[in-house]
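What you see below is based on every heavy atom in this structure, not just the backbone, and it leaves out hydrogens, waters and symmetry mates.
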Amino acid sequence: VFVALATGGAVITSQFLGAGDKENARLSAAQVVTMACLAGLGFMALCLAFGENIMRFLFGSIDAEVMEKGLVYFRITAMSFPFIAVYNAGAALFRSQGNSKVSMEVSLLMNVIKTEIIAIRDKFADERRTELTTLEGEIDVADLIQEEDMVVTLTHAGYVKRIAKSTYRAQHRGGKGIMAMTTKEEDYAERMVVVSTHDDLMFFTNLGRVYQIKCYQIPEAGRAARGTAIVNILPLAGGEKVNAVIPLPAEEEGKYLVMATRRGVIKKTALADFVNIRKTGIIAVNLREDDELVGVALTDGEQQLLIGSAQGKAIRFHEDDIRAMGRAATGVRSIDLAGDDAVVDMSIVSPGDYILALTEQGYGKLTREEEFRLQSRGGKGIRAMHLTEKTGALVCQKVVDLEEDIMLITADGTIIRMAVGEISILGRDTQGVRLMRVGDSAVVCVERVAKQPEDEEEADPNDLDGDFAAPAEPEEPEI
């Protein structure tokens, strides 16, 4: 207790009576140390004179032997009071004067710096002599991107990626395919388009809006990667989802965009109305309640269109039946749907084309275009495929070429690439053959791609990478 009192008194004395520089100090350093020494001697004399009483006051009644030993230790401790007080007083006084000296030096240095900076400002302060401008002909980001064919894939949950088209190889009909991407639970690949890295892509959403970006702005990812969330690339609103992706041609004159909705509405708008698309997107079609955009086609105003429904209906009519409208227009009826039927696809059809029809359970066929007669817009259509419980609903009705390949993607992310020429050509009102074994999954996306060279088509069945699946046994067509 008395050690603490002596030390505290010495420190307080040195701080408040001897702090600061010598001119402002109320006591000199020698006086501070002397006062500390006298305080220590006073405490020592008090402890030596009244040690026994202090011990009894602090500890109560104790044995004589313990009291005798305690007084010895107590007196030895009391003799150190003057030394402790002097040491602490000197240390506190030194720190106080030292801090004051450092503070004075820092303040002086800052004043010098401030004076020099003001002098430089007054001497060299004039108007800017250089001008920052954008030079014409500077390097464009696109010039640094290698031009190559890419497969852009968009999932149902809104993840997008691009991958080199050469990654995929053709397989025979009936194979199991290779893994195209790793998806989250309840997610699956939904849209796929093959473009160049320098092409502009137009993204149409279910809410009738359109956005535009370059292909190389989409992050490239590996074959099994999930990709990047589309909301990190496009400023989509809440509940908005991309459901159509088409490349933008270099020339807009004489071109039209034909848009079909799920409830059987179709609209044609000049491509020139879609130039200079803002980053926040623009309105492509004014949708009615409970309707959404399902298909977009780029035309020249002289094409014939084929609309397919989930219940296997199809209607073919000329583009002239649709008058050109503004971007905010709603459109006209394309097909008269029955019950809960819905439009699943829209394609441009020309003489000599083949129509690919494919169902959820992997059944498909090719049908010659002449079996789909030309009708007037707005009719009920004709049967495009014989559907059963085994085949499932129709998910695709596209115009294809016998000299190209197609890619099929299932809900679990499995992909298969096959030559169109290997698919059976059957009549319009037939069930088709199995093109892909889907198991517990279902086909959700079919896209056309260019045919690969002959040396890449054959797969080694002993390939250790697992990229190739053995072809299934051929099936007889079911009529």
Side-chain angles (χ1 to χ4, degrees), residues 204-210 243-244 246 254-271 273-274 283-359 367-387 393-400 427-429 446:
F204 292 82
T205 70
N206 60 327
L207 300 184
R209 297 184 64 85
V210 59
N243 59 3
I246 65 169
K255 301 293 184 180
Y256 295 90
L257 284 173
V258 179
M259 291 158 278
T261 71
R262 189 169 300 280
R263 305 311 305 167
V265 177
I266 194 167
K267 191 189 81 164
K268 181 173 70 173
T269 303
L271 183 61
D273 292 347
F274 292 90
I283 297 176
V285 58
N286 185 20
L287 296 175
R288 297 171 180 171
E289 188 177 359
D290 298 331
D291 198 2
E292 64 179 357
L293 194 65
V294 295
V296 181
L298 184 64
T299 70
D300 57 4
E302 300 295 333
Q303 303 296 327
Q304 294 182 9
L305 303 173
L306 183 67
I307 305 291
S309 73
Q311 295 183 4
K313 292 289 186 177
I315 185 171
R316 178 180 180 179
F317 55 89
H318 200 278
E319 188 181 349
D320 289 339
D321 292 348
I322 314 170
R323 67 181 185 275
M325 306 176 188
R327 287 191 297 105
T330 300
V332 294
R333 177 182 294 179
S334 62
I335 184 173
D336 187 7
L337 299 173
D340 58 352
D341 197 7
V343 173
V344 296
D345 225 328
M346 177 187 67
S347 301
I348 298 175
V349 60
S350 303
D353 286 339
Y354 288 87
I355 311 301
L356 171 67
L358 198 136
T359 67
T367 304
R368 293 180 173 86
E369 55 82 20
E370 57 263 24
E371 296 198 31
F372 296 86
R373 68 180 186 271
L374 192 64
Q375 299 178 266
S376 298
R377 176 188 57 80
K380 292 184 177 293
I382 58 178
R383 179 179 291 184
M385 189 172 187
H386 180 67
L387 300 179
L394 194 70
V395 296
C396 163
Q397 187 175 325
K398 296 182 181 295
V399 174
V400 294
R428 177 174 53 81
D429 192 12
V446 182

Stepwise side chain to side chain contact (heavy atoms under 4.5 Å, CB included) check, Lys398 with Leu358: CA-CA 9 Å; Lys398 296 182 181 295; Leu358 198 136; over 6 Å; no
Atom pair CD1 (Ile266) and CD (Glu319), whose distance is rounded to the nearest 0.5 Å: 8.5 Å
Heavy-atom pair with the smallest gap, counting every atom of Ala357 and Leu394: CB-CD1, 4.0 Å
Where Asn206 and Leu287 come nearest, the two heavy atoms and their spacing: O-CD1, 2.9 Å
For Val296, the option from Leu293, Val294, Leu298 that meets side-chain contact (heavy atoms from CB on, under 4.5 Å): Leu293
Atom of Leu387, atom of Gly312 and distance for their closest heavy-atom approach: CD1-N, 3.6 Å
Between SG on residue Cys396 and CE on residue Met385, distance to nearest 0.5 Å: 10.0 Å
Ion pair Asp290/Arg263, N-O distance below 4.0 Å: no
Between CZ on residue Arg327 and CD1 on residue Ile283, distance to nearest 0.5 Å: 7.0 Å
Qualifying side chain to side chain donor-acceptor pair (under 3.5 Å) pairs, either residue in residues 347-356, two or more places apart: none
Counterpart residues, side-chain contact (heavy atoms from CB on, under 4.5 Å), relative to Glu370 (two or more places apart): Arg368
Side chains of Ile335 and Asp341 in contact at under 4.5 Å (non-hydrogen atoms): no
Side-chain heavy atoms of Ile322 within contact of Leu305, under 4.5 Å: yes
Test applied, side-chain hydrogen bond (donor to acceptor under 3.5 Å, both in side chains); reference residue, Gln304; option that passes from His318, Arg316, Glu369: Arg316
Spacing of CG belonging to Leu306 relative to CD1 belonging to Ile348, to within rounding of 0.5 Å: 11.0 Å
Closest heavy-atom pair and its distance - Phe317, Ser334: CE2-O, 3.8 Å
Atom pair NZ/OG1 of Lys267 and Thr261 - distance to nearest 0.5 Å: 11.0 Å
Closest heavy-atom pair and its distance - Ile382, Phe372: CD1-CA, 4.1 Å
Over all atoms of both residues, closest heavy-atom pair of Arg383 and Asp429: CD-OD1, 2.6 Å
Side chain to side chain, Gln397 and Ile355, heavy atoms closer than 4.5 Å: yes
From CD1 (Ile307) to CD1 (Ile315), nearest 0.5 Å: 8.5 Å
